[in-house]
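All ligand and atom numbering here is 1-based and tracks the order in the structure.
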Amino acid sequence: MEKFVIAFGGNALLRNGDVPSFQSQYERAVEAFNGIWEILEDNSVVITHGNGPQVGNILLQNENSKNIVPSMPLHACGSMSMGLIGHIMSLAYDSVRLQQGYSKEPVVIITRTVVSDDDPAFSNPSKPIGPFYKKQEADSLMNDLKWSMKEDSGRGWRRLVPSPAPMDIMERNSIIRLLADGFQPIAVGGGGIPVVRRNGKFVGVDAVIDKDLASSLLASIIDAHSFMILTDVPFAYTNYGSKDQEKIGRIKLDEIQDLYSRGFFASGSMGPKIKAAMEFVRKGGKRSIITSIENSRKASMEQTGTIVLPN
Ligand code: ADP
Ligand code: MG
């Protein structure tokens, strides 16, 4: 029995070509929970997840109905995505646990992540969110709505928003208590809702916190043994996508820091995962694991996946 934080990537709910309907995301979530079921059974786990496509679609719905109802700010859209995904994931989890005859009740925590008002990210939007657009659509969105946008790994154009560093998790104590009391927490969705302390108040801000970095922070806060990032590739690779591509297996912190500094991991996708994995181990975590849902069980036994270990 070990304490884990498991961060689900976007592919736990949506894969390339999926229509982002409720039903298809629910079915993907059932697959995802079937994939990690044994880890949940054997350990004490906090589940976290991304929200990029979902919050992007909520923003789109807001944009298109702003003449009928006031549109909500990005941080409020983030909270909606957490509620939606929390609903999908807890339904899927409950269906899987019913079949497995297992008792741990899920609890979805609408999580707020504290960021600093002075974070340089606010003057440099860098986080891709929402759907992919064709170049022509992107041009008019940049022009009409003043969005920052960028081409993303050959998959199309996406909106860019500030991505400040997570400083603290406001619901840290509830998460710790729920875990200790035998619940199955689902928390820090989409990296949490970014809030800052300003003039004696807490306010929501329009930014997106990287879910891997926020999940890493949570893993350190709850003193987890293992931090596991589940995505759509079984390993992090050097020379990814080229004929010289090589998978990274078990690796020490200093060695992967060297590869990170040499630019092997794309910013906005594998880059933040490696950074999050390193941060957890640097702060005293036993290991960070990056792999696919399919390989998660074997990776939890260090038999596959990219495993970042202390020096
Ligand atoms: P998630 O939704 O799980 O956060 P991302 O798309 O953000 O997924 O990150 C996973 C993607 O990172 C992979 O699908 C892959 O295309 C990309 N990637 C970039 N660099 C690398 C690398 N060096 N090794 C493995 N994958 C990489
Ligand atoms: Mg990502």
Side-chain angles (χ1 to χ4, degrees), residues 5-18 20 25 28-29 31-32 35-36 47-57 81-82 85 88-89 126-132 150-161 163 166 188-192 208-216 218-219 227-251 255-278 280 288-296 299 304-308:
V5 168
I6 298 184
F8 274 127
N11 68 322
L13 293 174
L14 285 172
R15 302 205 173 181
N16 259 348
D18 282 357
Q25 295 186 73
R28 289 293 182 203
E31 282 176 48
I36 64 162
I47 292 163
T48 69
H49 58 84
N51 73 342
Q54 292 80 10
V55 78
N57 290 343
S81 76
M82 232 178 272
I85 297 170
I88 294 170
M89 290 185 68
S126 68
K127 177 80 181 166
I129 60 161
F132 294 89
K150 193 183 141 205
E151 214 278 326
D152 189 338
S153 333
R155 295 177 288 187
W157 287 71
R158 285 181 104 185
R159 183 180 177 185
L160 293 177
V161 297
S163 186
V188 195
V208 168
I209 299 163
D210 183 85
K211 74 107 181 21
D212 295 310
L213 293 176
S215 303
S216 171
L218 177 70
F227 171 43
M228 183 176 244
I229 299 175
L230 298 181
T231 186
D232 56 0
V233 284
F235 294 91
Y237 302 86
T238 51
N239 302 309
Y240 178 67
S242 82
K243 63 174 178 23
D244 302 326
Q245 167 175 310
E246 263 183 72
K247 61 190 180 196
I248 302 166
R250 287 162 55 91
I251 187 165
E255 294 170 64
I256 199 151
Q257 175 65 61
D258 178 56
L259 299 178
Y260 182 81
S261 308
R262 285 160 60 195
F264 280 116
F265 312 113
S267 64
S269 58
M270 190 50 71
K273 295 185 199 310
I274 301 291
K275 191 173 173 209
M278 293 192 300
F280 175 66
S288 295
I289 303 168
I290 300 172
T291 193
S292 59
I293 294 171
E294 294 74 20
N295 290 359
S296 59
T304 188
T306 297
I307 320 258
V308 179

**Study point:** Passing candidate, side-chain contact (heavy atoms from CB on, under 4.5 Å) with Pro166, options Asp210, Val188, Leu213
**Key:** Leu213

Exercise for review: Output the list of atoms in ligand 1 that are nearer than 4.0 Å to some heavy atom of Ala236, sorted by atom number.
Suggested key: 24 (N), 25 (C)

Point to revise | Residue Ala266 vicinity, atoms of ligand 1 by number, heavy atom under 4.0 Å | key: 19 (C), 20 (N)

Check your understanding: Taking the non-hydrogen atoms of Gln245, is any one of them nearer than 4.0 angstrom to ligand 1?
Key -> no

Exercise for review: Under 4.0 Å from a heavy atom of Phe235: give me the atoms of ligand 1 that qualify, with their elements.
Suggested key: 25 (C)

Review point. Contact between Phe8 and ligand 1, counting heavy atoms under 4.0 Å?
Key: no

Study note, to complete from the structure: For Asp232, the atoms of ligand 1 under 4.0 Å from one of its heavy atoms are 10 (C), 11 (C), 13 (C), 14 (O)

Review point. So does Glu151 have more than 12 non-hydrogen atoms from other groups sitting under 6.0 Å from CD?
Key: yes

Practice item. Report the residue from Asp212, Ile248, Ile229, Leu230 that forms a side-chain contact (heavy atoms from CB on, under 4.5 Å) with Ile290. Key: Ile229

**Study point:** Atoms in ligand 1 flagged as close to Phe264, the criterion being non-hydrogen separation under 4.0 Å
**Key:** 23 (N)

Check your understanding: Any idea which atoms of ligand 1 are less than 4.0 Å away from a heavy-atom of Thr231?
Key -> 1 (P), 3 (O), 8 (O), 9 (O), 10 (C)

Review point. What do you reckon, does Gly50 put a non-hydrogen atom under 4.0 Å from ligand 1?
Key: no

Review point. Leu13 and Ala29: which non-hydrogen atoms are nearest, and at how many Å?
Key: CD2-CB, 3.7 Å

Point to revise | Close-contact set for ligand 1 against Gly9 heavy atoms, below 4.0 Å | key: 1 (P), 2 (O), 3 (O)

Practice item. Measure Tyr240 to ligand 1 on non-hydrogen atoms and call it side chain, backbone, both or neither using the 4.0 Å cut-off. Key: side chain

Review point. Please walk me through it: do Val233 and Tyr240 pass side-chain contact (heavy atoms from CB on, under 4.5 Å)?
Key: CA-CA 11 Å; Val233 284; Tyr240 178 67; 3.8 Å; yes

Point to revise | Residue Phe265 vicinity, atoms of ligand 1 by number, heavy atom under 4.0 Å | key: 23 (N)

Study note, to complete from the structure: Across all chains, not counting sequence neighbours, the ring pair (Phe, Tyr, Trp, His ring centres under 6.0 Å) partners of Tyr260 are none

Check your understanding: With only distance considered, is Asn11 within less than 3.5 Å of ligand 1 through an N or O on each side?
Key -> no

